[in-house]
Amino acid sequence: MALVMSAFITTFLGVGPAMALGAALANQGNTSVLPECVQACSHLASIFGPDAYSLGNANVTLWDAKQQATHSACWVQPSSTEDVSTILGVIINTSCRFAVKGGGHARDPDDSVSAGGVTIDMQKMRSVEVPPDQKTAKVGSGHVLLSLYEALEKYNLTTLGGRVADVGLGGYILGGGFSHLSPKYGLAMDNVFEYELVLPNATVAIVNQESHPDLYFALRGGMNNFGIVTHFTMRVVRQGQMLGGVRAYTADKRDAILKQAYELTTSWKNDTNMAFFYSYGYHQERDDFTLAVNQEYYLPVLSPAPFKQLNRIPFEHSTVRLDQTSRLSIESASATPPGGRNLFATVTYSPSVDLDRQIQDIMAQEIQSLKKAPGFYPNLVIQPLYEAAIRAGKERGGNAAVALLTVLWGNAEDDERMNAFAQEWVERSTATTKDAGKHHPWLYINYASKAQDPFLSYGEANLQRLRRIQMEVDPQGVFTSDGLCRGYFKL
C-alpha cells in the first residue's frame, strides 16, 4: 500500500471572528451564504490570511457567465497538498459546502465555484518536477494547459494536454483528455502513472496501479467523486515545434470537407503523428454556416501526407503553421473567450460521412427559432478517437470513443431555450445514429450536458465498481450529490 499521511487539522473555531465575518458576508449583495460556511470562512481566514484568502469572488476570472454570477462565501488558495488537507478538514468539521476550481472552465454553478460555500482555488499549485530521465513529470493540478506547456517547453518536452490554453489541468485529466498526442498514446488519463490525492477524510494518499489499484482505476474518468487531486505524475515526450492551426471554409465546401474528414479518420488512422478535428458552426452575422478544420501533426512538417488532399480545397483563411504547443493553445482559446453563457452536449457513433451530415443538419434545423438570440453561436465539433488511441487505453485499463455540440449565447433569459435546443439535438442525433446501426453508448464526460449521465455509459459493471470504491473512500458522502461537494457529475 502506498504511504498514507495523516494531516494535522485544527478544529477550534473562534466565535468572535465568525460573528465579524458573518456581518461582512451579509453585505455581499445577492450572495446567499450558507450559515455553516460563516464559521468555516472565519477559521480559514485565521489560518491563511489575506495572501491566500478572500471574501466572495474578489479578483477572480472565470470563463462562463453563469459561474461568474455564482458567489461564494469565501475563496482560499492552497499552495501545497498539506494546505488542501487542512482546508478540507476545516470544511468537513463545519459541514460547509465547497467546490474545487482548477482553470474555472466549467459551465454551471457549483462545478468549480461554490454557491454560498467555500471555493478552493488551486491556481497557486503549478509546480513542475522533471526527473533526469525526462520520461515523466510531477505537475501540480492547479495548472491551466498554457502554464503547463510553457513550463515543459523549457525542457523541449510536452505532455498529453488539450487544445485550449485556459482549460484547467485537473478537470481535463479526470474527465479523460483529448490531445494531439492521443493517436499515439491514448487519452490524457491513460498517461497518468500516479496521483497525489487528498481523500474525503482529509488524509493524503499516493495512488498508483500498485498501491491503490481500485482508486487508480476510479480516478481515470471518475471526475471529482473521490477527493481532491493535488499532483499528477504523467508521461512527457520530446516536442519542439509541431504543425497546428485552423483552416476555415465556406458552407459550399461541406461535401468536400465531410469526405476528407472521413478519409483522415479511416484511411490515415495508422499515421499516429496526425490528429485533427473539424467543426460546423452557424455565423449569425452572415446567417450562414461555416466549417473549420484543425490540423495537428506531431512532427515539424508543414504539409504532411495526410493533409495533402484537404489542402487542395479552397479555404477562406488559414493559421496553419509550425509553432509551439503553447502558442497553438492560445489561438484555440481565442475562439471561445470568457464572458458568454455556454453549454456542451455530446453523442458518440462510428465514423460515417452520412451521419456527420445528418447530425449537422439536425443542428441547422433546430436553431431556426434561436437565430436572433443575442450572442448566439452554436458549433458542432466532430472529434475522432483513433483505433491506436483505443489500443493505448486498453493497455492501461480500457477506454471507449465523438460529436460535441457547443452553444454560446448572451442573455440569461435565453437559458431555457438553449437547454431545450441542446436536448432536442441530443435526442434526435442519438435516434439517428441508432437507426444507422452506428450508435455507441459512451459519453465523453468533459463534453456532456447536465441532462446527460456519462457514468451510465461506462457500463453497469464499471458503474457499480466506481460506486463501491466511492463508498469505501467516502463513507460520509462528502463528494456525493447530497454531500458537501455537489458540483459536476456525481455517481
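Everything numeric in this text was worked out from a predicted model, so none of it was measured.
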Exercise. Which pairs count as ring pair (Phe, Tyr, Trp, His ring centres under 6.0 Å) when at least one residue sits in residues 77-128, sequence neighbours excluded?
Worked result: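 Sorted pair list: W63-H105, F98-F479.
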Can a salt bridge be assigned to the pair [X] and [Y] using a cut-off of 4.0 Å between side-chain N and carboxylate O?
| X | Y | value |
| --- | --- | --- |
| K490 | D482 | no |
| D111 | K450 | yes |
| E331 | R327 | no |

Any donor and acceptor pair, going by atom type alone, linking the side chain of [X] with main-chain N or O of [Y] inside 3.5 Å?
| X | Y | answer |
| --- | --- | --- |
| S332 | R163 | yes |
| E296 | S179 | no |
| E153 | S326 | yes |

Exercise. Are the aromatic rings of Y444 and F178 close, with centres under 6.0 Å apart?
Worked result: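 Here the rings of F178 and Y444 have centres that are less than 6.0 Å from each other.
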Problem set entry | Centroid-centroid under 6.0 Å between Y282 and Y377 rings |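 Ring centres of Y377 and Y282 not closer than 6.0 Å.
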Exercise. Can you say whether the rings of F455 and Y458 are parallel (under 30°), tilted (30 to 60°) or perpendicular (over 60°)?
Worked result: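 Correct class here is perpendicular.
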Problem set entry | Pairs involving residues 115-141, ordered by first then second residue, that meet salt bridge (charged side-chain N to carboxylate O under 4.0 Å, His left out) (sequence neighbours left out) |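 Output for this query lists K101-D121, K138-E196.
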Exercise. For the cysteines C37 and C74, is the SG separation below 2.5 Å?
Worked result: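 C37 does not pair with C74 as a disulfide (SG atoms not under 2.5 Å apart), so no.
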If every non-hydrogen atom of [X] is compared with every non-hydrogen atom of [Y], which pair is closest and at what distance?
| X | Y | answer |
| --- | --- | --- |
| S114 | T119 | N-OG1, 2.9 Å |
| R486 | S481 | CD-O, 3.3 Å |
| M189 | G221 | SD-N, 3.6 Å |
| T158 | Q239 | CG2-CB, 3.3 Å |

